[in-house]
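Written below as structure tokens is the structure these notes are about.
Throughout, residue positions are numbered sequentially from 1 according to the sequence presented. When a ligand or atom number is given, it counts from 1 through the structure's own listing order. Predicted model only: the values in this text are computed from it and were never measured.
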Amino acid sequence: MQLQDILYSQGFGPRRLCTGLVQNGLVSVASELVTDPSADFEPQGLRFTVEGKPWEYHAKAYLVLHKPAGYECSQKPSAWPSIYTLLPAPLRQRPVKGGQPGVQAIGRLDQDTTGLLLMSDDGAFIHRMSSPKHHVPKVYEVGTADPVDAKQVARLLAGVVLDDDPRPVRAAACEATGEHALRLTLTEGRYHQVKRMLAAVGNRVTTLHRSRIGAFEVPPDLAPGQWQWLSPAQLAAVSQRG
Ligand code: URA
């Protein structure tokens, strides 16, 4: 694949710009400056730098963001900064055939919720992961305003009715982890589901953190506001139901 096409595919801007980046001596491959835009490289696993910043070729982007509080998951946020501002420009600009450019968040977390947020530019993956039929467990660490009692835990497990749907929603697992804390596992995702479930049992969420998706937990070295590519093993783990 030509170097200019590699840069274009990775989101370094329109083709003309990518050609110019190479011609102007701003791109190195394996520490060697390359000034021929049509120089050919095997893209898989290719590491290169653009204007001194290292990058790695990925045919499709699968990544995880540790969402911090105070960010909205929308491209056009209403009151808070967008999570998309936490990503480097190439991830926001990657060309997507027949779709809007760049990676997209898979599902949404509220502005004040922290934790795991998957992002991708693979339409089929996004569709599969967001489908209501895709019952991957998601684990939430919940801080509560009032003490958690056994009755509340039992009701969350038995199922509660939310105001927009007569079908009860139940937690796949729920345990108190402190006087004002519980761990809740959900296998479906309705709007503000955790907050509304807690309200339905007479409590109120004060803090909310998504700590696990499938078998994938927040990597210990991934601080709030940081993102990383998902390795093949991590990508398999996010779809794991057990
Ligand atoms: N449930 C909520 O209420 N909010 C979130 O951000 C995620 C799940």
Side-chain angles (χ1 to χ4, degrees), residues 63-87 103-120 126 128-148 152-153 155-178 180-219 222-227 238-239 241:
L63 52 108
V64 58
L65 172 72
H66 187 161
K67 183 192 172 294
Y71 283 80
E72 290 183 32
C73 286
S74 166
Q75 300 267 11
K76 292 191 182 127
S78 52
W80 300 80
S82 162
I83 51 154
Y84 292 91
T85 63
L86 297 167
L87 301 178
V103 296
Q104 287 176 46
I106 302 176
R108 289 189 174 194
L109 293 175
D110 296 336
Q111 170 276 120
D112 51 354
T113 302
T114 60
L116 288 180
L117 189 67
L118 302 178
M119 305 185 88
S120 180
I126 296 171
R128 196 168 66 249
M129 291 300 290
S130 353
S131 160
K133 290 189 193 131
H134 193 64
H135 297 298
V136 167
K138 299 193 175 101
V139 179
Y140 293 89
E141 307 296 334
V142 187
T144 63
D146 296 316
V148 175
Q152 288 172 11
V153 171
R155 283 186 65 200
L156 290 165
L157 285 166
V160 294
V161 173
L162 306 179
D163 44 16
D164 62 345
D165 194 330
R167 290 168 304 161
V169 283
R170 51 183 65 85
C174 181
E175 57 173 322
T177 50
H180 287 82
L182 51 82
R183 181 171 298 130
L184 195 66
T185 304
L186 301 180
T187 53
E188 56 186 317
R190 294 203 211 158
Y191 184 63
H192 290 329
Q193 183 164 338
V194 175
K195 290 177 184 167
R196 292 197 296 153
M197 285 178 79
L198 265 291
V201 300
N203 208 326
R204 184 168 63 80
V205 172
T206 54
T207 57
L208 186 54
H209 175 76
R210 184 153 72 189
S211 58
R212 185 152 70 83
I213 297 177
F216 177 64
E217 294 187 5
V218 179
L222 191 69
Q226 290 184 339
W227 69 276
V238 298
S239 306
R241 291 177 193 198

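Short contacts between ligand 1 and T113, defined as distances under 4.0 Å to a heavy atom of the residue, involve ligand atoms 4 (N), 5 (C), 6 (O). Near D110, the atoms of ligand 1 lying under 4.0 angstrom from a non-hydrogen atom of the residue are 2 (C), 3 (O), 4 (N), 5 (C), 6 (O).
At under 3.5 Å, a nitrogen or oxygen of K195, whether backbone or side chain, sits near a nitrogen or oxygen of ligand 1. The N/O atoms of L109, backbone and side chain alike, include none that comes under 3.5 Å of an N/O atom in ligand 1.
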Please walk me through it: do R204 and D146 pass salt bridge (charged side-chain N to carboxylate O under 4.0 Å, His left out)? CA-CA 7 Å; R204 184 168 63 80; D146 296 316; over 6 Å; no
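With hydrogens left out, the protein atom closest to atom 7 (C) of ligand 1 is Y140 CE2, 3.7 Å, a heavy atom. The protein heavy atom nearest to atom 1 (N) of ligand 1 is V194 N, 3.1 Å.
A 6.0 Å sphere centred on OH of Y71 holds no more than 12 heavy atoms belonging to other residues, nucleotides or ligands.
For the pair Y191 and L162, the minimum side-chain heavy-atom distance is 4.5 Å or more. Between T144 and L198, the closest side-chain pair of non-hydrogen atoms falls below 4.5 Å. Using a 4.5 Å cut-off on side-chain heavy atoms (C-beta onward), V169 and Q193 make contact.
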Would you be so kind as to tabulate the donor-acceptor pairs closer than 3.5 Å made by side chains of residues 77-86, with sequence neighbours excluded?
residue : atom : partner : partner atom : Å
S78     : OG   : E72     : OE2          : 3.4
S82     : OG   : S74     : O            : 2.8
S82     : OG   : Y84     : N            : 2.9
Y84     : OH   : A105    : N            : 2.8
T85     : OG1  : S82     : O            : 2.6

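Neither the backbone nor the side chain of V205 comes within 4.0 Å of ligand 1, counting heavy atoms alone.
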